[in-house]
Amino acid sequence: MQAGMNTRLLVSVATYNECENIARLIEEIHAFAPQADVLVVDDNSPDGTGKLVDELSAKDSRIRALHRSGKLGLGTAIVAAMKYAMSNNYDLLLNMDADFSHPARYIPALLAGMSRQDVMIGSRYVAGGGTENWPVIREKISRAVNGLVRFFFRMGVRDASGAYRCYRVSKLRQVRFDLIVSRGYSFQQEMLFRCKLAGCTLGETPIIFENRRAGKSKVNGKEAARSMATILYLGVRSMLGIERRASRRTGGVS
Ligand SMILES: Nc1nc2c(ncn2[C@@H]2O[C@H](COP(=O)(O)OP(=O)(O)OP(=O)(O)O)[C@@H](O)[C@H]2O)c(=O)[nH]1
Ligand SMILES: [Mg+2]
């Protein structure tokens, strides 16, 4: 399905302390996708991001806030947005970070790709993509992780670790959310893998990823190590066919 006039599009943005970014980001999203509803999943940000979104929401019916009681992690925030998209019958869910690392100008290319694919990835590592002002060490680690993911999971994509993606909501209904084990960064790779197991086709469109413009970085070394361990665990299970068999057993959206 192409993202035409009648396509119900939800753009989701998870936030934790993004009050310097969120209002301007929503404006940019609507500049490129005026028809989109925007769902902000906020984890009771101490800087008042959630309250600010409530104020914006009161003035614009396209803006919605999902408030959670405390910091529960980006992965579960994206799952909450996916469940919201499924229960509210959206056609497409497009997810992006709040800190302008995922420029809204790529939304049309992501949506255009949905005429051919079930999941479109905003990709740093295909021709035309890249990173700007990102510390060299972070790009090296990201490229190495993606090399490992290509080896283990054979999904045929170059960038499996970014969150800038568009999903076909009808296909998300086939995904085994109940089997997800990731709590941190490895959620992105695992989600893509579970989409693939659910029969989704995956595509990539180039993006230039920009380092966050404002607000504090929340990168956490301990979480990065734990995510690496999760990727290795799932990677071995994938190569042995264990995950494919598990995903065929009865179960479903939890
Ligand atoms: N709801 C929610 N959002 C989160 C949480 N952690 C991060 N986010 C949001 O998820 C997005 C990505 O997080 P970032 O902090 O930008 O992570 P990053 O890009 O790896 O690292 P930096 O940009 O250097 O901080 C941002 O929009 C954050 O506000 C969380 O626990 N809950
Ligand atoms: Mg960021």
Side-chain angles (χ1 to χ4, degrees), residues 10-29 38-54 56 63-85 93-104 106-107 121-125 129-146 159-165 180 182-191 207-228 230-231:
L10 181 69
V11 175
S12 59
V13 185
T15 53
Y16 193 74
N17 288 344
E18 301 286 2
C19 74
E20 294 168 83
N21 293 316
I22 193 66
R24 229 160 11 98
L25 178 73
I26 294 173
E27 262 176 45
E28 282 199 19
I29 292 169
V38 177
L39 177 72
V40 178
V41 183
D42 184 72
D43 282 0
N44 202 7
S45 295
D47 74 351
T49 304
K51 193 169 167 283
L52 175 60
V53 176
D54 281 339
L56 297 171
I63 302 172
R64 285 110 210 261
L66 190 65
H67 297 284
R68 305 197 302 174
S69 56
K71 193 172 187 326
L72 295 171
L74 174 58
T76 64
I78 294 176
V79 168
M82 288 172 163
K83 290 186 173 169
Y84 183 98
L93 171 69
L94 191 152
N95 182 77
M96 60 203 294
D97 288 354
D99 57 0
F100 291 96
S101 283
H102 297 153
Y106 298 112
I107 289 175
I121 300 166
S123 177
R124 295 161 289 187
Y125 305 130
T131 59
E132 230 169 54
N133 300 323
W134 215 32
V136 175
I137 182 72
R138 284 191 71 179
E139 176 160 353
K140 284 213 160 108
I141 293 170
S142 168
R143 282 185 182 273
V145 169
N146 272 296
D159 192 345
S161 45
Y164 199 7
R165 291 181 189 161
I180 293 176
S182 294
R183 282 188 289 153
Y185 300 126
S186 58
F187 171 81
Q188 304 304 342
Q189 291 89 349
E190 181 173 6
M191 188 66 215
I207 63 157
I208 303 292
F209 173 101
E210 296 168 20
N211 203 8
R212 65 162 54 247
R213 286 190 203 164
K216 270 226 297 274
S217 174
K218 294 155 204 112
V219 170
N220 174 332
K222 207 163 131 197
E223 179 43 51
R226 192 166 44 208
S227 285
M228 200 60 244
T230 305
I231 287 172

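Just so you know, ligand 1 is whichever comes first in the structure, and atom 1 is the first atom listed for that ligand.
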Enquirer: Specify the protein heavy atom at minimum distance from atom 9 (C) of ligand 1: its residue, its atom name, and the distance to 0.1 Å.
Expert: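 Ranked first by proximity to atom 9 (C) of ligand 1 is A14 O, 3.4 Å.
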Enquirer: Can you give me the closest heavy-atom contact between I180 and M191, atom names plus distance?
Expert: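 The pair with the smallest heavy-atom distance is CD1-SD, 4.2 Å.
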Enquirer: Starting from atom 11 (C) of ligand 1, what is the nearest protein heavy atom, named by residue and atom, and what distance separates them?
Expert: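 It is D97 OD1, 3.5 Å.
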Enquirer: To the nearest 0.5 Å, how far apart are CG in L74 and OH in Y16?
Expert: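 Output value for this atom pair is 13.5 Å.
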Enquirer: Provide the closest heavy-atom pair for E223 versus G184 in the form atom of the first, atom of the second, distance.
Expert: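 Heavy-atom minimum between the residues: OE2-CA, 3.0 Å.
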Enquirer: Would you call the rings of H102 and F209 parallel, tilted or perpendicular, where under 30° means parallel and over 60° means perpendicular?
Expert: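 The arrangement is perpendicular - the two ring planes meet at more than 60°.
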Enquirer: Roughly how far, to the nearest 0.5 Å, is CD of Q189 from CE of M228?
Expert: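 It is 8.0 Å, given to the nearest 0.5 Å.
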Enquirer: State the CD-CG distance between E139 and N211, to the nearest 0.5 angstrom.
Expert: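 Output value for this atom pair is 11.5 Å.
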Enquirer: Regarding S161 and R124, is there a side-chain donor-to-acceptor distance under 3.5 Å anywhere?
Expert: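 Yes, because at least one side-chain N or O of S161 sits under 3.5 Å from a partner of the opposite role on R124.
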Enquirer: Taking 4.0 angstrom as the limit and counting only heavy atoms of D99, give me the atoms of ligand 1 inside it, by number and element.
Expert: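 The list of qualifying atoms is 16 (O), 23 (O).
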Enquirer: Would you say M96 touches ligand 1, if touching means a heavy atom closer than 4.0 Å?
Expert: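 No.
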Enquirer: Where does A98 meet ligand 1, judged by heavy-atom distances below 4.0 Å: at the side chain, the backbone, both, or neither?
Expert: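 Within the 4.0 Å criterion, A98 contacts ligand 1 through backbone and side-chain atoms alike.
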Enquirer: Can you tell me which residue and heavy atom of the protein come closest to atom 32 (N) of ligand 1, and the distance to 0.1 Å?
Expert: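 Scanning the protein heavy atoms, the shortest distance from atom 32 (N) of ligand 1 goes to D43 OD2, 2.7 Å.
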Enquirer: Under 4.0 Å from atom 17 (O) of ligand 1, can you find at least one protein heavy atom?
Expert: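 So atom 17 (O) of ligand 1 lacks protein heavy-atom neighbours under 4.0 Å.
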Enquirer: Starting from atom 14 (P) of ligand 1, find the nearest protein heavy-atom neighbour and note its residue, name and distance.
Expert: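 Result: R212 NH2, 3.5 Å.
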Enquirer: Provide, to 0.1 Å, the distance between atom 24 (O) of ligand 1 and the closest protein heavy atom, together with that atom's residue and name.
Expert: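 Among all protein heavy atoms, the one nearest atom 24 (O) of ligand 1 is S217 OG, 2.7 Å.
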Enquirer: Which residue owns the protein heavy atom closest to atom 21 (O) of ligand 1, what's the atom, and how far is it?
Expert: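 Checking every protein heavy atom, the shortest distance to atom 21 (O) of ligand 1 gives R138 NH2, 3.4 Å.
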Enquirer: If we set the cut-off at 4.0 Å for heavy atoms, which region of V41 has an atom near ligand 1: side chain, backbone, both, or neither?
Expert: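 Answer for V41: backbone.
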Enquirer: Looking only at the side chains, is there a donor atom on one of R68 and T76 sitting less than 3.5 Å from an acceptor on the other?
Expert: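 Their side chains do contain a donor-acceptor pair, which is all the 3.5 Å distance test asks for.
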Enquirer: Considering heavy atoms of the protein only, find what lies nearest to atom 4 (C) of ligand 1 and give residue, atom and distance to 0.1 Å.
Expert: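 Among all protein heavy atoms, the one nearest atom 4 (C) of ligand 1 is Y16 CB, 3.9 Å.
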Enquirer: Quick check: of its N, O or S atoms, which one does D99 have closest to the Mg ion (ligand 2)?
Expert: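 Of the nitrogen, oxygen and sulfur atoms in D99, the Mg ion (ligand 2) lies nearest to OD2.
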Enquirer: Please confirm whether G73 approaches ligand 1 to less than 4.0 Å, judged on its heavy atoms.
Expert: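 Right, G73 reaches ligand 1.
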Enquirer: Sort out for me which residue in D97, D42, T49, N21 forms a side-chain hydrogen bond (donor to acceptor under 3.5 Å, both in side chains) with T15.
Expert: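 For T15, the side-chain hydrogen bond (donor to acceptor under 3.5 Å, both in side chains) test succeeds with only one of D97, D42, T49, N21, which is D42.
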Enquirer: Flag K71 as yes when one of its N or O atoms lies below 3.5 Å from any N or O atom of ligand 1, and as no otherwise.
Expert: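 Checking ligand 1 against K71, an N or O pair does fall under 3.5 Å apart.
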Enquirer: What is the nearest protein non-hydrogen atom to atom 26 (C) of ligand 1, stated with its residue, atom name and distance?
Expert: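 Minimum-distance protein heavy atom for atom 26 (C) of ligand 1 reads E18 OE2, 3.4 Å.
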Enquirer: Look at atom 29 (O) of ligand 1 and say whether a protein heavy atom is found at less than 4.0 angstrom from it.
Expert: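 Yes.
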Enquirer: Is there a donor in the side chain of S101 and an acceptor in the side chain of Y164, or the other way round, less than 3.5 Å apart?
Expert: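 Result is no, nothing qualifies.
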